[in-house]
Amino acid sequence: MNLCLQRLDGRQTYDYRNIRISFGTDYGCCIVELGKTRVLGQVSCELVSPKLNRATEGILFFNLELSQMAAPAFEPGRQSDLLVKLNRLLERCLRNSKCIDTESLCVVAGEKVWQIRVDLHLLNHDGNIIDAASIAAIVALCHFRRPDVSVQGDEVTLYTPEERDPVPLSIHHMPICVSFAFFQQGTYLLVDPNEREERVMDGLLVIAMNKHREICTIQSSGGIMLLKDQVLRCSKIAGVKVAEITELILKALENDQKVRKEGGKFGFAESIANQRITAFKMEKAPIDTSDVEEKAEEIIAEAEPPSEVVSTPVLWTPGTAQIGEGVENSWGDLEDSEKEDDEGGGDQAIILDSIKMDTGVEVSDIGSQDAPIILSDSEEEEMIILEPDKNPKKIRTQTTSAKQEKAPSKKPVKRRKKKRAAN
Amino acid sequence: MEEEMHTDAKIRAESGTGSSPRGPGCSLRHFACEQNLLSRPDGSASFLQGVAEKSRERLIRNTCEAVVLGTLHPRTSITVVLQVVSDAGSLLACCLNAACMALVDAGVPMRALFCGVTCALDSDGTLVLDPTSKQEKEARAVLTFALDSVERKLLMSSTKGLYSDTELQQCLAAAQAASQHVFRFYRESLQRRYSKS
């Protein structure tokens, strides 16, 4: 294998890009940047009933999502192959290697166990998603704290974070994936391919290893034929890289722990570099709201009083009512036969509150004419009268369209937000 | 010819100092923003601010549609992707801010910038700007406004809870005062960003 290759970004064959790990304010939230590839990892937990065949073990759930912002090619519904492949690899790496002690997640055998859910979101795709994702997953799991539980006989007490400090998960080892890209039938090999290199590679070899040099998963894809010593050499390289990365992770976790303990500022806001020209911060800013009340009163004094809303609902049958009248049809005169009755009301309009309706009422339906129309006069349709229920159900209002005001409801509905409260 | 532009924003809505109690008087929490942090999309910004999903999406989309000059890019789709990194209250306002910064970063022509401000009214009528999650939960009403940068006019409002029309006008006036601050932050961060080019 040629060792004096010059890569596009100036790296050597076995060089990793810069890895940057930052943590959020909540435990279990982290962002890992591998060069420009960015993955957000979040861990959450919930108490659930265990699986039937594993009554004393907790449940681990992994999910990697390729966000639309990561690359133009990632559209919802068009990423399935890559997504399945990545998820499967991640599961094999983290679940099958038993890096998390699932027995410790059991609270009451057969009844309550912790379900740990790891959500990974790819934010920017610049190659080597799997490495970044595996680092993000293991960092988030190491960073996460679950609520403390105590079991005394039959009684289980779940403490809130305020009552008792949350407890970290029990992690045996940290498996990290290392990717090798092969070119020209195995002649050339590159560690940590970036996006351009990935596009032209022949095949990919992924080795998941922990710092004790134990291989957790190994996968070769792309159909390249590798010799035994090539694979062994890759595993040696992977051992070295994993040791470096693990050290970096432990240091990052330690720093975060220290900052939290000392009461300093932590979270993503702090990890934005001050010197970077694309970043800018502003401290807490007081706002002068002393003249707010006067301004508000001025506006209200100058404004017109809200228009009187007269709601005279017309009840057609129990369950169907009408508020307001339709606006005049602005399509112009239409033929008689095009008039449709889609209100489907009954014979008689029952009027609530004994307010007499004007005879000039217009039924708001499509294609209505200017002259008032009485429903029961339709000769073309069969009127089927439904017997009302004893207890008619209330029907929610539908959204109002611009031209017509159909609001079938039994009672007048207060419009939210836009209009002022009438009372 | 169909063209696609991706404008993506990543939001981090959190305050970073844990839950520090806010003193009397209104204040906006610590702000931080980073632009152009993703290499693949055309523009990206990260804005940190101390089922619902669909309706929030619709609100943000309507606000963006009101300011973006769509007629300059016919047959073009502009996709705004927002990723919530963490939620520490005032999420909708933070989403709006991030979307605006990302659109600016992508160079999409707009008729004005916009910003989001959230107000919470607690049970005795005290107005709190930029509430934390706890304050939002305990508030009687939470109002979020999107204001434009030219004349501080209202672009979008989304409210939850009970309030009188006096209180609405008060919150609106307070939001207008706060928006000046946000726009100054936009201006300064953009000035800094383009100061070397």
Side-chain angles (χ1 to χ4, degrees), chain A residues 24-26 29 31 33 35-38 40 42 67-72 74-75 121 123-126 195 260 263-273 276-300 303 306 416-418 420-421, chain B residues 4 6 8-10 12 14-18 25-41 44 46 48 50 79 81-83 85-86 88 127 129 157-159 162-174 176-178 181 184-185 188-190 192-193 195-196:
Chain A
T25 37
D26 306 327
C29 182
I31 288 188
E33 291 169 57
K36 295 206 195 131
T37 302
R38 204 184 271 241
L40 164 71
Q42 282 171 324
S67 166
Q68 259 195 290
M69 68 171 85
F74 294 156
E75 278 171 14
H121 297 268
L123 300 174
N124 199 41
H125 177 28
D126 198 29
E195 208 253 334
R260 279 176 203 254
K265 289 192 185 175
F266 51 88
F268 290 126
E270 297 314 310
S271 64
I272 287 187
R276 224 182 266 175
I277 208 170
T278 52
F280 189 60
K281 293 197 223 186
M282 192 169 74
E283 287 311 315
K284 197 164 108 160
I287 304 280
D288 180 18
T289 52
S290 48
D291 59 346
V292 153
E293 284 191 19
E294 293 149 29
K295 255 203 226 165
E297 279 170 20
E298 266 176 43
I299 293 177
I300 294 181
R416 317 169 279 139
K417 297 180 199 169
K418 300 284 159 70
R420 310 227 184 99
Chain B
E4 243 199 24
H6 277 255
D8 306 310
K10 194 171 69 136
R12 300 152 164 180
E14 53 168 342
S15 60
T17 45
C26 292
S27 59
L28 293 174
R29 287 178 283 180
H30 165 96
F31 276 10
C33 140
E34 203 181 335
Q35 297 164 59
N36 205 3
L37 36 75
L38 302 180
S39 60
R40 297 308 298 281
S44 51
S46 158
L48 281 84
T79 308
V81 183
L82 294 159
Q83 171 74 49
V85 166
S86 62
L127 203 142
L129 281 178
S157 85
S158 164
T159 64
L162 213 60
Y163 52 90
S164 70
D165 41 354
T166 326
E167 288 173 336
L168 170 65
Q169 291 300 338
Q170 279 177 6
C171 288
L172 199 44
Q176 284 175 329
H181 206 72
R184 187 159 59 89
F185 178 70
E188 285 174 14
S189 53
L190 288 168
R192 183 183 155 93
R193 161 106 167 82
S195 62
K196 288 251 175 93

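Sequence lines set the chain letters: A, B, ... in the order given, protein chains first and strands last, and positions in each chain run from 1. The analysis underlying the following values was restricted to heavy atoms, covering all of them including side chains, and did not include hydrogens, waters or symmetry mates. For clarity, every value in this text was computed on a predicted model and none was experimentally measured.
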With a 4.5 angstrom heavy-atom cut-off, is it the side chain or the backbone of H125(A) that approaches chain B, or both, or neither?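 Contact with chain B is through both the backbone and side chain of H125(A).
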
Proximity breakdown for E167(B) and chain A, heavy-atom pairs closer than 4.5 Å: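 Neither part.
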
Between [X] and [Y], which heavy-atom pair has the shortest distance, and what is it?
| X | Y | answer |
| --- | --- | --- |
| L123(A) | Q83(B) | CD2-CG, 3.6 Å |
| S67(A) | V81(B) | OG-CG1, 3.7 Å |
| Q68(A) | T79(B) | NE2-CG2, 4.0 Å |

